[in-house]
Amino acid sequence: MAFESKLPRVGTTIFTTMSALAAEHQAVNLGQGFPDFPMPEALREGLSKAMRDGFNQYAPMPGYGPLRERLAEKVQALYGAAVDPNASITITPGGTYAIYTALTTLVHPDDEVIVFEPAYDSYIPGIELNGGVAVTLSLSHPDYRIDWDEVKRRITARTRAIVLNSPHNPSGRVLTDLDIVALRSIVATHPDLYIISDEVYEHLIFDGMPHLSMLRYPELRERSFVCFSFGKVYHCTGWKLGYCIAPETLMKEFRKVHQFNTFSCFAPAQVALAEYLDNKEGYLLLGSFLQRKRDLFLSLMEGSGFEFLPSQGSYFICAKYHQISDESDTDFAIRLIKEKGVATIPVSAFYRNGDDHKVLRFCFAKKEETLREAAGRMSAVR
Ligand code: PMP
Ligand code: GLN
C-alpha cells in the first residue's frame, strides 16, 4: 500500500543518529544535549518517597497543584510575573511537547509561523504537522543575531506566531534588551501576533547576563506560550517533564489539546519536584556551574585548530573548523566519531535546507573527565 508521509522530508533526528553512532564507535558523546553527571540525590530520593507515599495514580490534568503553585512563586520572584497557577500553568511531558501543544493550539491550516534558523529541530515539523507554513529566517552568521527589519518585512496577514528561543540552541546566543525593544515595537503594530518562547535553558546563562523571559514584559506575556523543561534544570532529561505558562484564555485552549493527547504527566516526579523547588540554589547556581564547564572546555581545546564562537548560554558551544578540513559538517562530524572517537552535532541539521557554514556544536554539560578525554582525542585532529 502506498503511504503518504506527513513529514516526507524528515528522517530520524540528528540527535538519535549521532548518539547511535557514538555508541557504535565507543565515542565520547558531546553530541546530543544531556549531562553525564548525576542529578541531585535529594530529588531522586523525593521521587522514591513520592511513590512510596502512594502518588501513583493520575495527576490532575493541568499538573500537580503544589508544583504549579511553587512555579508561580518562582516566576514571580525571578521575572516579576503574576501568574495564576490554576489558570495559567500546565505541566507537560517535556519542553518539546509544550512547544508542540502550543503550535497545535495556535496553528490553523496555511497559517504562517516565523522560525529562525538554525532552529531546534522540532519546530518546523511541529508547524507543518498542524497544517501551517514555516517561514524561515536565517540568523546572521557567525554571530547568530535576529534581523528584526527582515522580521517586519516577512510578516503577512497570515502570520500567526513567531518562535523564539533564548538561550539559543545550537548557538548559545541570548536575547538582549535591543531584541526586546524590537519585538515590542513589532507586537505594537501586529496585535494578532502570538509568541512561542522556548526558554528551556533559562538558567543556563553565563557571564552575568540576565535571562529576558517573555514573562517579564506584560505586552509580550499576554500573547506568549512560554515553554520550560525540568530536565535541563535538574540534570534529568530522561524524566521528560516540563511546563508551559500562558494567559488564561490561551491556556484554556492549550489544555483542550493537552487533555486529549497525554491528559496528565508522571505523578511521582511532580510531587518530588514540588518539594525540591524550594531549593533555590538548585537553579540559581546553574549558570556559574555550566560557565565553568564552558571555560574548562575552551581552555582544553586551545591550539586544537577549532575556532570557537561565543556561547552566552545553553549546554552548547559552536566551532568553525575551516583550519582543519573543508569537508561538509556532516562528513566531518562522522569522521570525528569514527577516527577520533568524539561525537558532535553538525549545525547544518538545524537548517531545513541543510545550509552548511561548516560549524559543529559541542555539548559541554559533561563531567570534567569527559571533557578532558574528548579534548585529548581531538588535539591531533586533521
Ligand atoms: N527546546 C530546545 C531548544 C532544546 O534544546 C530542548 C532539549 N531537548 C527542548 C526544547 C526540549 O526539552 P525536553 O522536551 O527534553 O524537555
Ligand atoms: N535538545 C537536545 C539537543 O539539542 C536533544 C533533544 C533530543 O534528543 N530530542 O541536543
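When reading the values below, keep in mind they use all heavy atoms of this one structure, side chains included, and skip hydrogens, waters and symmetry mates. Because the structure is a prediction, the values reported are computed rather than measured.
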Do [X] and [Y] make a side-chain contact, defined as non-hydrogen atoms from C-beta onward lying under 4.5 Å apart?
{"X": "Ser379", "Y": "Ser304", "answer": "no"}
{"X": "Gln76", "Y": "Val83", "answer": "no"}
{"X": "Thr96", "Y": "Lys240", "answer": "yes"}

Minimal non-hydrogen separation, [X] against [Y], with atom names:
{"X": "Lys232", "Y": "Leu286", "answer": "O-CD2, 4.0 Å"}
{"X": "Phe350", "Y": "Pro170", "answer": "CD2-CD, 3.6 Å"}
{"X": "Val107", "Y": "Ile127", "answer": "CG1-O, 4.3 Å"}
{"X": "Ile317", "Y": "Arg294", "answer": "CD1-CG, 4.3 Å"}
{"X": "Pro247", "Y": "Arg221", "answer": "CG-O, 3.4 Å"}
{"X": "Gly31", "Y": "Cys363", "answer": "O-CB, 3.8 Å"}

Closer than 4.0 angstrom, basic N to acidic O: yes or no for [X] and [Y]?
{"X": "Glu253", "Y": "Lys256", "answer": "yes"}
{"X": "Glu248", "Y": "Lys252", "answer": "no"}
{"X": "Glu202", "Y": "Lys74", "answer": "yes"}
{"X": "Arg372", "Y": "Glu369", "answer": "no"}
{"X": "Asp149", "Y": "Lys152", "answer": "yes"}
{"X": "Glu128", "Y": "Arg352", "answer": "yes"}
{"X": "Arg160", "Y": "Glu112", "answer": "no"}
{"X": "Asp329", "Y": "Lys358", "answer": "no"}

Quick one: does any side-chain atom of [X] pair with a main-chain N or O of [Y] as donor and acceptor, under 3.5 Å?
{"X": "Arg377", "Y": "Val342", "value": "no"}
{"X": "Ser166", "Y": "His168", "value": "no"}
{"X": "Thr189", "Y": "Ile186", "value": "yes"}
{"X": "Thr159", "Y": "Thr156", "value": "yes"}
{"X": "Thr344", "Y": "Ala333", "value": "no"}
{"X": "Asp356", "Y": "Ser328", "value": "no"}

Working to the nearest 0.5 Å, report the span between [atom1] of [X] and [atom2] of [Y].
{"X": "Ser197", "Y": "Leu215", "atom1": "OG", "atom2": "CG", "value": "8.0 Å"}
{"X": "Asn130", "Y": "Lys6", "atom1": "CG", "atom2": "NZ", "value": "8.5 Å"}
{"X": "Gln270", "Y": "Arg70", "atom1": "CD", "atom2": "CZ", "value": "13.5 Å"}
{"X": "Lys366", "Y": "Asn29", "atom1": "NZ", "atom2": "CG", "value": "5.5 Å"}
{"X": "Met61", "Y": "Ile91", "atom1": "CE", "atom2": "CD1", "value": "12.5 Å"}
{"X": "His190", "Y": "Ser185", "atom1": "NE2", "atom2": "OG", "value": "9.5 Å"}

Does [X] have its ring centroid less than 6.0 Å away from the ring centroid of [Y]?
{"X": "Phe230", "Y": "Tyr276", "answer": "no"}
{"X": "Phe228", "Y": "Tyr243", "answer": "yes"}
{"X": "Tyr100", "Y": "Tyr97", "answer": "no"}
{"X": "His357", "Y": "Tyr351", "answer": "yes"}
{"X": "His258", "Y": "Phe263", "answer": "no"}

Does NZ or CZ of Lys49 fall inside the cone over Phe55's six-membered ring, less than 6.0 Å from its centre and within 45° of the axis? no
Transitively linked via ILVMFWY side-chain contacts under 4.5 Å: [X] with [Y]?
{"X": "Val226", "Y": "Val257", "result": "no"}
{"X": "Leu183", "Y": "Leu212", "result": "yes"}
{"X": "Val174", "Y": "Ile162", "result": "no"}
{"X": "Leu290", "Y": "Ile205", "result": "no"}
{"X": "Leu300", "Y": "Leu298", "result": "yes"}

Using the side chain to side chain contact (heavy atoms under 4.5 Å, CB included) rule, take Thr105 and Leu250 through it: C-alpha gap first, then chi angles, then the decisive distance, then the call. CA-CA 8 Å; Thr105 305; Leu250 298 183; over 6 Å; no
So Arg158 and Asp111, salt bridge (Lys or Arg N to Asp or Glu O under 4.0 Å) or not? Walk me through it. CA-CA 5 Å; Arg158 292 226 61 94; Asp111 279 354; 3.1 Å; yes
For [X] and [Y], which I'm curious about, is there any donor-acceptor pair between the side chains at under 3.5 Å?
{"X": "Gln312", "Y": "Asp207", "answer": "no"}
{"X": "Asp198", "Y": "Tyr123", "answer": "yes"}
{"X": "Ser140", "Y": "Asp147", "answer": "no"}
{"X": "Thr101", "Y": "Thr104", "answer": "no"}

Determine, stepwise, if the pair Phe289 / Phe37 fulfils ring pair (Phe, Tyr, Trp, His ring centres under 6.0 Å). CA-CA 12 Å; Phe289 172 69; Phe37 40 84; 5.3 Å; yes
Do the rings of Phe297 and Phe362 sit parallel, tilted or perpendicular, given the 30° and 60° boundaries? tilted
Taking atom CG of Asp143 as the centre, does the number of heavy atoms from other residues, nucleotides or ligands within less than 6.0 Å exceed 12? yes
What do the steps show when you test Glu117 against Leu139 for side chain to side chain contact (heavy atoms under 4.5 Å, CB included), and what is the final call? CA-CA 6 Å; Glu117 289 188 314; Leu139 296 174; over 6 Å; no
Using ring pair (Phe, Tyr, Trp, His ring centres under 6.0 Å), reason through His211 and Tyr79 one step at a time and then give a plain yes or no. CA-CA 9 Å; His211 171 56; Tyr79 306 127; 5.7 Å; yes
Phe116 and side chain to side chain contact (heavy atoms under 4.5 Å, CB included): which partner among Val163, Thr136, Ile146? Ile146
Run the side chain to side chain contact (heavy atoms under 4.5 Å, CB included) test on Ile114 and Leu137 for me, step by step, so that the C-alpha distance in whole Å, both residues' side-chain angles and the decisive distance to 0.1 Å come before the verdict. CA-CA 7 Å; Ile114 292 179; Leu137 274 63; 4.1 Å; yes
So Phe364 and Tyr315, ring pair (Phe, Tyr, Trp, His ring centres under 6.0 Å) or not? Walk me through it. CA-CA 6 Å; Phe364 54 77; Tyr315 278 162; 7.8 Å; no
Apply side chain to side chain contact (heavy atoms under 4.5 Å, CB included) to His141 and Tyr144, showing your working. CA-CA 5 Å; His141 178 78; Tyr144 298 105; 3.3 Å; yes
